[in-house]
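For reference, the structure is listed below as structure tokens.
Note that these values count all heavy atoms, side chains included, but never hydrogens, waters or copies made by symmetry.
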Amino acid sequence: MQYETLELLKQSKKSTVYLICSKGKKYIRKELTGKHSVYEILMNNPHPGLPALQEVVISEDSTAVIEEYIDGRSIGAVNLSEKQFRQVSRELCSVLEFLHGKGIIHRDIKPSNILLDGDGHVRLIDFDAARIPREGTEQDTSLLGTRGFAPPEQYGFAQTDERADIYALGITLEQLAPEKARNRYKKIFRKCTNLDPDKRYQSVNQLRQALFPARRNLLLGCAAACLPVLAFLCLWKLPAPPWGGEPLDTENAAGSLTVLPVPENVHWDKDTGIAAWNNVLESGVGDEVHFRLRLYRRDTATAPDPEDDDWYYDLMSRAGGSFRNQDVMDYSFETVLEENGFYYFTVSAVGDGIQYADSPYVVSDVFEYTGESAPPLPAPQGLAWRLVEENNTRRYYATWSNLDDYADQDIFNVTFYDQTGAYVMNNTWDMEQIRNKGYGGISIPAQFLVSGPDSAYRFTVQVYSSRPNEYSSSLMPDPVPEEYFSPWLPFGPKE
């Protein structure tokens, strides 16, 4: 392909960057000193959150790269709303999980290296400082990065790994966060930027789960459940994001909307740390009902006003499928109760933005949390598969042998993986559901089991305490050690 040079953008001892053009389309050309094998990996492994690479030529002492020109703004120049901040955080976590999965450490994450493209989505740029960790190396051979964002180990104290990117991402997110979000996520930012790498989140997956914890009663990975939502988006011509999440800055032009009724009977379920409220069937979109929850902590039993903005944790709770029509909705806050104190939550029914507007928030009664130092529940033991045949139908259940160690409202999250290690889906049930319909375990829907010559499945189980003042949850390390997995379930071709 023939290119025309339009402009010299940057020049230094280590790199020269040009804006070039071919057939009316703009590109970036980089001429870098030294070998940058990272670009070869990225060339063969594209991701929508990264610039698309057109050419990569590596010689003994130089690297030439031609990549997509991104017409966007530096994220540091954008005042993000809280909704935008959460979307940006999700997308940055997605990009970094992808990179770290390929063994790439970016080493220069900062607002100026993050662009918002024309569709409002994140693009992470500039891999000139990126590296691939080497076994047996005690420190980086090239001390690159940006002061104020790079962690101590990036200045020669140790070899950098993915925790270096987590440090820089924590500083970046803290700078980008609106003030209200900054206060709410300050503990997360503080853990990201601990000077000791062993005290940070050990993977981006851990950070993502801290920012966006799993929700109860939501069946993840189910293509069938997503179809009504996708049809709804297509019908109303909302801009669909190219790689997950929701588009930024969408506006409601539907005019006056009907305000949803407020959820009733908003309360803590005794001393379980589980928030409960009556369902509002008109809420949500398609086959899901939606609710916004906010959690407040107080030193004394003083209820917040429903519009107080000093909450430190909020989330969207969604329920679809068979859970959509239940009378009472609930959500377990146990894993985010960190300090002893008095806790309240508020809940609002979320409208579709077309016919219904969100309801006002309603405040709960008080829950006194005293389990800051509570011991963890025992981990599930004796993981095994159980086959149940009924009416000529086979169903497979994930089971464990020590069910009697748990209380009726303890909550179990089972995650299923295929033979490649890829996530398939997860189900979250409490003990009551397991006893009523689980045959002593939690099922995996048949549509997720795909037969093939090498097909096989296994699962992990996490248990969330319903007695947070007596026991904390029993959570798994990340990455998950082999001893936390069930035996394999071979799933070859059906005869």
Side-chain angles (χ1 to χ4, degrees), residues 9-20 27-70 72 74-75 91-115 117 121-147 149-151 153-156 158-169 171-172 197 202-205 207 243:
L9 298 178
K10 184 176 70 172
Q11 190 169 27
S12 69
K13 293 181 179 180
K14 296 182 178 180
S15 66
T16 304
V17 182
Y18 298 95
L19 179 64
I20 62 177
Y27 299 89
I28 296 294
R29 176 179 173 83
K30 295 181 177 182
E31 297 174 356
L32 309 172
T33 302
K35 288 186 175 182
H36 293 259
S37 57
V38 165
Y39 282 102
E40 282 187 322
I41 298 174
L42 296 177
M43 178 78 176
N44 296 320
N45 296 276
H47 186 281
L50 304 174
L53 299 181
Q54 305 298 313
E55 297 180 21
V56 176
V57 179
I58 298 179
S59 62
E60 285 297 319
D61 57 1
S62 66
T63 301
V65 177
I66 295 177
E67 65 181 35
E68 171 191 12
Y69 169 74
I70 299 170
S74 167
I75 202 164
E91 295 186 358
L92 285 173
C93 286
S94 174
V95 174
L96 284 178
E97 281 190 271
F98 170 81
L99 291 173
H100 294 169
K102 302 298 180 185
I104 297 172
I105 311 302
H106 187 278
R107 294 206 308 166
D108 201 15
I109 295 171
K110 56 186 178 181
S112 60
N113 280 338
I114 302 167
L115 301 180
D117 64 17
H121 291 280
V122 162
R123 309 294 288 277
L124 180 61
I125 64 172
D126 196 350
F127 284 79
D128 299 354
R131 70 184 297 270
I132 302 170
R134 298 180 177 88
E135 292 186 7
T137 302
E138 294 184 357
Q139 65 183 51
D140 295 359
T141 54
S142 299
L143 308 183
L144 301 175
T146 300
R147 190 168 297 277
F149 292 88
E153 65 267 26
Q154 207 159 313
Y155 293 100
Q159 182 181 197
T160 52
D161 56 25
E162 59 191 80
R163 295 172 297 180
D165 282 348
I166 290 170
Y167 180 99
L169 180 60
I171 291 179
T172 298
Q202 300 299 291
S203 70
V204 180
N205 179 49
L207 171 57
W243 51 293

Query raised in the report: Does Ile105 reach the side chain of Glu162, with side-chain heavy atoms less than 4.5 Å apart?
Result: yes
Query raised in the report: What's the spacing between Asp117 CG and His121 NE2 if we round to 0.5 Å?
Result: 6.5 Å
Query raised in the report: Roughly how far, to the nearest 0.5 Å, is the CG atom of Leu207 from the SG atom of Cys93?
Result: 4.5 Å
Requested in this report: May I ask you to test the Val65-Glu55 pair for a side-chain heavy-atom distance under 4.5 Å?
Outcome: no
Requested in this report: Nearest 0.5 Å please: distance from the CG atom of Asp165 over to the CG atom of Leu124.
Outcome: 8.5 Å
Report task. Can you sort out the partners of Glu97 under salt bridge (Lys or Arg N to Asp or Glu O under 4.0 Å), two or more places apart, ordered by chain and number? Result -> Arg208
Query raised in the report: His100 versus Ser203: any side-chain heavy-atom pair under 4.5 Å?
Result: no
Query raised in the report: Partners of Gln11 by side chain to side chain donor-acceptor pair (under 3.5 Å), sequence neighbours excluded?
Result: none
Query raised in the report: Considering residues at least two apart in sequence or located in another chain, which fulfil the side chain to side chain donor-acceptor pair (under 3.5 Å) criterion with Lys35?
Result: none
Report summary line: Closest non-hydrogen atoms of Pro51 and Ile70, given as atom of the first, atom of the second and distance, are CG-CD1, 3.8 Å
Requested in this report: Evaluate the side-chain proximity of His106 to Asn113: yes if any heavy-atom separation is below 4.5 Å, no if none is.
Outcome: yes
Report summary line: Residues passing the ring-ring contact (aromatic ring centres under 6.0 Å, His included) test with Phe98, sequence neighbours excluded, are His47
Report summary line: Heavy-atom nearest pair, Gly49 first then Val95, reads CA-CG2, 3.8 Å
Report task. State the CG-CG distance between Asp128 and Asp108, to the nearest 0.5 angstrom. Result -> 8.5 Å
Query - Expected output: side-chain Arg123 to main-chain Pro48 donor-acceptor under 3.5 Å - result: yes
Query raised in the report: Can you check whether Ile125 reaches Ile28 side chain to side chain, under 4.5 Å on heavy atoms?
Result: no
**Report entry** Sequence-distant partners of Glu31, salt bridge (Lys or Arg N to Asp or Glu O under 4.0 Å), two or more places apart
**Finding:** Arg29
Requested in this report: For His36, check side-chain contact (heavy atoms from CB on, under 4.5 Å) against everything at least two apart and list the hits.
Outcome: Leu32, Tyr39, Thr63
**Report entry** Nearest-0.5 Å distance, OH of residue Tyr27 to CD of residue Glu67
**Finding:** 12.0 Å
Report summary line: Sequence neighbours excluded, the answer for side chain to side chain donor-acceptor pair (under 3.5 Å) partners of Gln54 is none
Requested in this report: Mind running side chain to side chain contact (heavy atoms under 4.5 Å, CB included) on Ile109 and Leu96 for me, showing each step along the way?
Outcome: CA-CA 10 Å; Ile109 295 171; Leu96 284 178; 3.6 Å; yes
**Report entry** Residues that Ser62 engages under side chain to side chain donor-acceptor pair (under 3.5 Å), provided they are two or more places apart
**Finding:** Ser59
Query raised in the report: Just wondering, do Leu42 and Ile104 contact through their side chains at under 4.5 Å, heavy atoms?
Result: yes
Requested in this report: Quick one: do Lys30 and Asp126 satisfy side chain to side chain contact (heavy atoms under 4.5 Å, CB included)? Show the steps, please.
Outcome: CA-CA 10 Å; Lys30 295 181 177 182; Asp126 196 350; 4.2 Å; yes
Requested in this report: Please list, chain by chain and in numerical order, all residues satisfying ring-ring contact (aromatic ring centres under 6.0 Å, His included) with Tyr18, sequence neighbours excluded.
Outcome: none
Query - Distance in Å, Ile114 CD1 paired with Ser74 OG, rounded so as to fall on 0.5 Å steps - result: 8.0 Å
Query raised in the report: Tell me, do Ile166 and Leu169 make a side-chain contact under 4.5 Å, heavy atoms counted?
Result: no
